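Here's the structure we're looking at; comments come further down.
What you are looking at is a predicted structure, and each value in this text was computed from that prediction instead of being measured. Each chain gets a letter, A, B and so on, in the order its sequence line appears, and its residues count up from 1.
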Number of protein chains: 2
Amino acid sequence: MAQNLKQRPQVALAVDLAILTVRDSKLQILLVERANEPYRGQLALPGGFIDTADEDLDTAAARELAEETGLAAERLHLEQLRAYGSPGRDPRGRVVTVCYLALMPDLPIPVAGGDARAARWEPVDAVLADGDRLAFDHRVLIADAVERAQGKLENTTLGVAFCPPEFTISELRRVYEIVWRQELDPRNFHRKATSVDGFLEPTGRRTTRGGRPAALYRRGPARVLHPPLLRGHNHSDPGQDKGDGR
Amino acid sequence: MAQNLKQRPQVALAVDLAILTVRDSKLQILLVERANEPYRGQLALPGGFIDTADEDLDTAAARELAEETGLAAERLHLEQLRAYGSPGRDPRGRVVTVCYLALMPDLPIPVAGGDARAARWEPVDAVLADGDRLAFDHRVLIADAVERAQGKLENTTLGVAFCPPEFTISELRRVYEIVWRQELDPRNFHRKATSVDGFLEPTGRRTTRGGRPAALYRRGPARVLHPPLLRGHNHSDPGQDKGDGR
DNA sequence: GAAATAGTGTCTTTCAGACATTATGTT
DNA sequence: AACATAATGTCTGAAAGACACTATTTC
C-alpha cells in the first residue's frame, strides 16, 4: 500500500446531479447547456468539481443541488447513484464523477440558478432518444438514474417525493404511471396505497376541481414498502440479461 | 466549469473489493491484514490505488479481483457498490474509494494472492460485531455490501453466484438462509426455485451422499426474478427509516 | 341532467406460508 | 430395518388483477 499519497496518480473528482421530477405528465430531468468546451452548447447534468478539499461527497451533492435549485437538500430525496470513471469520458483528462440522484416535486423553482448557466427541464425520453445532445457519458448516467428511480418506486415510498406536500391518490398514481411508463388500475392502486401502513396520512382536506373532490394526503412515516409495489411483468423481455454482471 | 483540469483539486482514487462467499455455513468476506501504517495489523478490504492513468474503474476492480483470488473476473459476479469519500476517512489525506461487490462460490483458491499480503476469509458477522478490527471506514463498506447482496438475492438469480457450477436445491437454499440470516421452508423454496423460468437448469446428474440423492442443477439464463423472492417481513422493524435519504 | 373524477366492492387467480407424506439412497 | 435427505402434494390465507358500480362535485 501507499506510503505517500502524493506519489499516487491523482484524478479530478466531480459530482453530477440527476434531478428528476414529474412535470407536464412527463418524467423530466434538469439539464444545463454547457457554456464552454468541451461539448459547448450541448446538454449536461448539473454538477461540478469538488472545490474544497474537505468536502464530503454527500455534502458536495447537497450543495450543488441547493445552488442549482435553490432548495435545501433536506426537503428532497438525494442519494448516491454510483461513480463513473472510464478513462476517455472527459477529453480534458481523467475525471471521475460521482453521480447523485435527486427526486423532487414539480416546483416553479429551478429556472434561476445561482450561476449563469441556463438550467432547464427536459423530458428524459426525448433526451435519451437523441443521445447526441448530451455531453460526456451523461446519457448513461441519465439512463441509470431513471432505472434506479423506477426501482425505488417498487420497494420504497419514494413515489411521494415527486408529489407536493399534499396530494391526492390519483396524483400519486400518475407519478407511478409516468415513471414506470405503464398504466395502473386506479382502483387496485388505491387499494394498495391506502392499505400499506404508514405510506399515506389523510389530511382531512379535499381538493376542489373538476369532478368529485379527492381526499388530500401527506407523506407518512414509512420508508419501505412491504410487500413491494411491483411493475407488471414485461413479457417482451424474458429477463435474460440485464447486463449488471461482468 | 473548469478550463484547465490541473487547476482543480485532485484526489487519490482507490478501488476496494468486498468479496463475499458462503463458506463453512457462514457468510464470509475476504480481508487482508494491513502490513503498513495507517491501521497496521488491522483488517481491510483488498484493494488499491488506481495505478495506470488509463484504467477503467471496472477494469481496475477486475484486476484487483484477479490479483487477490487468482480468478478471472468473467467467472464471478462483480458490480460496483458505491463511492466513499468522507474527508477524514483516510488519515493520509483525501482518498476517495470506489467499492465493488463480488460474489463467489467457496473455492479453495484465495489464500495465496499475487502479493505478500495475507488474505483470509472472515465471517462478516464477527467482523461487523467487532468493528475495531477494521481499518478506515471499511466497517461501513462491508455493511453496505452485505445489504446489497441480500437485496440482490431477492430480485435477481444471483444466489447461484455463491454456488459451484453444479449444485442442489438444498445447497442453494442454504445460501439464501445464510445470506438472509433466516430459515426458509425447504418445500416452499423448492417449489419457488423450480417454478421460476430460466432460474435453474437440470443437469440430469445427481449427488450421492447421506440420504436420497439430490438432483444437480446449473445456473439458467435468467438474471432477474419475476416475481421476486422475498425475505419474510421483519416485523420487529416497522420500516420507518432505512437512512437512505437525506 | 350530463360530464368528470373519486371512491368502494366483488370475483378470480396467483402465490406465499404452513404442514404431511412419499421416495430413494446409505449403513 | 433404521436413518437421512430429497421431492411432491395439499390446504389456507393474502394479495394482485380484472372489472362494475356508487358518490360527489362542476357546468
So, is B/H190 close to the D/dT8 phosphate, meaning a side-chain N or O under 4.0 Å from OP1 or OP2? yes
Output the rounded distance in Å from CD (A/Q182) to P (D/dA16). 14 Å
Options C/dA16, C/dA6, D/dC19, nucleotide nearest the side-chain atoms of A/N188: D/dC19
Output, in order, the C-alpha distance, side-chain angles, deciding distance and verdict of side chain to side chain contact (heavy atoms under 4.5 Å, CB included) for B/I19 and B/W121. CA-CA 9 Å; B/I19 309 172; B/W121 293 111; 4.1 Å; yes
Checking contacts here: which listed nucleotide (D/dC19, C/dA16, C/dG7) is nearest the side-chain heavy atoms of A/A214? C/dG7
Short side-chain N/O contact from A/K192 to OP1 or OP2 of D/dA16, under 4.0 Å: yes
If you look at every strand shown and take non-hydrogen atoms under 4.0 Å, does B/S170 touch a base, only sugar-phosphate, or nothing? sugar-phosphate
Give a yes or no on whether B/R181 atom CZ has more than 12 heavy-atom contacts from other residues, nucleotides or ligands under 6.0 Å away. yes
Nearest whole angstrom, please: distance from the C1' of D/dA6 to the CZ of B/R205. 17 Å
Return the minimal non-hydrogen interatomic distance between B/L20 and B/A149, and the atom names on each side. CD1-CB, 3.8 Å
Send over the distance from A/H226 NE2 to C/dA16 C1', rounded to a whole Å. 14 Å
Atom pairs under 3.5 Å, N or O on each side, protein against nucleotides 25-27 of chain D: can you list them with distances?
{"from": "D/dT26", "atom 1": "O4'", "to": "A/G210", "atom 2": "O", "distance (Å)": "3.3"}

Base C/dG17 paired with B/R187 side chain (donor-acceptor, <3.5 Å): no
Tell me the interatomic distance from A/L184, atom CG, to C/dA6, atom P, rounded to whole angstroms. 14 Å
Could you give the CG-to-P distance, from A/L230 to D/dA14, as a whole number of Å? 19 Å
Examine distances only and state if a side-chain atom of A/D185 and a backbone atom of A/N188 form a donor-acceptor pair shorter than 3.5 Å. yes
Measure from CG on A/L225 to P on D/dA14 and round the result to the nearest Å. 19 Å
Quick check on DNA chain D: between B/I169 and A/S195, whose nearest nucleotide comes earlier from the 5' end? B/I169
At under 4.0 Å, does any side-chain N or O of B/R191 touch on OP1 or OP2 of C/dA18? no
Take the protein atom OH of A/Y176 and the nucleotide atom P of D/dA16, then report the distance between them rounded to whole Å. 12 Å
Would you say the side-chain atoms of B/D16 and B/Y84 include a donor-acceptor pair closer than 3.5 Å? no
Mind telling me whether A/H138 and A/F136 have parallel, tilted or perpendicular rings, with 30° and 60° as the class edges? tilted
By the definition side-chain contact (heavy atoms from CB on, under 4.5 Å), identify the one residue from A/L134, A/V15, A/L17, A/I29 that meets it with A/L45. A/I29
Could you check A/T168 against B/P228 and say which one's nearest nucleotide on DNA chain C is further toward the 5' end? A/T168
B/D185 CG to C/dA20 P, straight-line distance once rounded to whole Å: 11 Å
